[in-house]
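Okay, so here's the structure we're looking at.
To find a chain, count down the sequence lines: A is the first, B the second, and so on, and within it residues start at 1. Note that the coordinates shown come from a computational prediction; the quantities given were computed from them, not determined experimentally.
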Number of protein chains: 2
Amino acid sequence: MDIRIDDTDRKIMAALQRDAGRSLDEIAREVGSSKTPVWNRIRKLRDAGVIGPQTVVLDAEALGFEACFFVLIRTSEHESKWQKKFLHALQTRPEVQEAHRLAGDIDYILKVRVKNARAYDAFYQALISEVRVYNVTALLSMEEIKSTTALPL
Amino acid sequence: MDIRIDDTDRKIMAALQRDAGRSLDEIAREVGSSKTPVWNRIRKLRDAGVIGPQTVVLDAEALGFEACFFVLIRTSEHESKWQKKFLHALQTRPEVQEAHRLAGDIDYILKVRVKNARAYDAFYQALISEVRVYNVTALLSMEEIKSTTALPL
DNA sequence: AATGAAACTGATAAGGA
DNA sequence: TCCTTATCAGTTTCATT
């Protein structure tokens, strides 16, 4: 299950991150190779799960998602039963775009994208009624300065 | 520049978010329409900028990006000259995957993806030597519970 | 919205460095 | 082993109906 990733693989992935909606020929030209080897490498990386699904970036604001919150959560509960329920709630709710378990003082951070402040409140009320949390701080984004999923390969 | 987005448009975008690497025929089947109208709608949405670039999701861990920090920043400086410099620093540094200006107590939040803790420290030192900040708190992610860019259309 | 035609692309096979 | 070339079914793109 070990996979060797060389420089050409990295170049291909960088090219795909930049714009995955291009032909193999164009990608191949960009990385200085040709169709077949590029295709084989992409397949290899996909099979290994290094390259995941292909998506499009949508304009959240244009689609009415005008509010974005970062939510800092502290909890006193750390039993596996509680955690399971909490994780399930996060996975299920589509407004949760990111969720991380943290080291230290704060236990979890969420990124929550909603249409407006009222929708955030609805989310918040639903969450705290589902699982007990000790302390919640919501940080409201005023401006998205940067947003990318690209890794600096 | 106003664009009307109807239910079919939303279905198409939802389908593309799920998996953009499919043929028009498949997308059309999924949304219950056919090739030509779907193609015309996608083109319209792309031209309007609602549908943005196409990318691939890469496995950060597999590529050696094993550390992810959320960085909370407070600053005392609010002049436009400082801000310009700060924003430029964020835009330029590839380890910054997200940056938001916040309302309230904390001024900015960053999501920083790096290979390891040492790389984070290098980033941090470089940042504070470039621009003055009053207070920085780094939250270290132990586990990425959820990560998606999909909007719940 | 369906048809259809031309250009382009993805996917694979065969053979070479 | 990895690359190049050749091939062709499938796909995109777009004009016409």
With the side chain of [X] defined as its heavy atoms from C-beta on, choose the nearest nucleotide among [options].
| X | options | answer |
| --- | --- | --- |
| A:Arg43 | C:dT12, C:dT9, C:dA2 | C:dT12 |
| B:Trp39 | D:dC3, C:dG10, D:dT12 | D:dT12 |
| B:Ser23 | D:dT13, D:dT12, C:dG10 | D:dT12 |

For D:dT4 and A:Ser34 - does any side-chain N or O of the residue sit under 4.0 Å from the phosphate oxygens OP1/OP2?
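For D:dT4, OP1/OP2 do have a side-chain N/O of A:Ser34 under 4.0 Å.
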Are any of A:Arg41's side-chain N or O atoms less than 4.0 Å away from OP1 or OP2 of D:dC2?
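False: A:Arg41 side-chain N/O out of range (4.0 Å or more) of D:dC2 OP1/OP2.
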Backbone of A:Leu102 reached by a side-chain donor or acceptor of B:Glu143 within 3.5 Å
no
Backbone N or O of B:Ala28 within a donor-acceptor pair of the B:Lys35 side chain at under 3.5 Å?
no
Stepwise, does the ring-ring contact (aromatic ring centres under 6.0 Å, His included) test hold for B:His100 with A:Phe70?
CA-CA 10 Å; B:His100 291 248; A:Phe70 287 87; 4.9 Å; yes
Nearest-angstrom distance from the residue atom [atom1] of [X] to [atom2] of [N]:
| X | N | atom1 | atom2 | answer |
| --- | --- | --- | --- | --- |
| A:Asp25 | D:dT11 | CG | C1' | 15 Å |
| A:Ile42 | D:dC2 | CD1 | P | 16 Å |
| A:Asp6 | D:dC3 | CG | P | 8 Å |
| B:Leu24 | C:dA2 | CG | P | 14 Å |
| A:Asp7 | D:dC2 | CG | C1' | 16 Å |
| A:Glu26 | C:dG10 | CD | C1' | 14 Å |
| B:Leu16 | D:dT12 | CG | P | 11 Å |
| A:Lys44 | C:dT12 | NZ | P | 17 Å |

With a 4.0 Å cut-off on heavy atoms, is A:Thr36 in touch with a base, just the backbone sugar-phosphate, or nothing at all?
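Base, at least one base heavy atom under 4.0 Å.
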Under 4.0 Å, heavy atoms only, any strand: does B:Pro37 hit a base, just the sugar-phosphate, or nothing?
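If one applies the 4.0 Å heavy-atom cut-off, B:Pro37 turns out to touch the sugar-phosphate alone, with no base involved.
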Based on the rotation axes of five pairs at each end, what angle does the helix from C:dA1-D:dT17 to C:dA17-D:dT1 bend through, to 10°?
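That helix has its two terminal axes inclined by roughly 30°.
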Hey, which sits more toward the 5' end of DNA chain D by its nearest nucleotide, A:Lys35 or A:Asn40?
A:Asn40
Beyond-backbone contact of A:Lys146 with B:Leu110, side-chain heavy atoms, under 4.5 angstrom
no
With a 4.5 Å limit on heavy-atom distance, are the side chains of A:His88 and A:Gln83 in contact?
no
Closest contact, heavy atoms only, B:Ala150 versus A:Gln97
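Taking every non-hydrogen atom into account, O-NE2, 3.4 Å.
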Between B:Phe86 and B:Trp82, what is the ring plane arrangement, given parallel below 30°, perpendicular above 60°, and tilted in between?
parallel
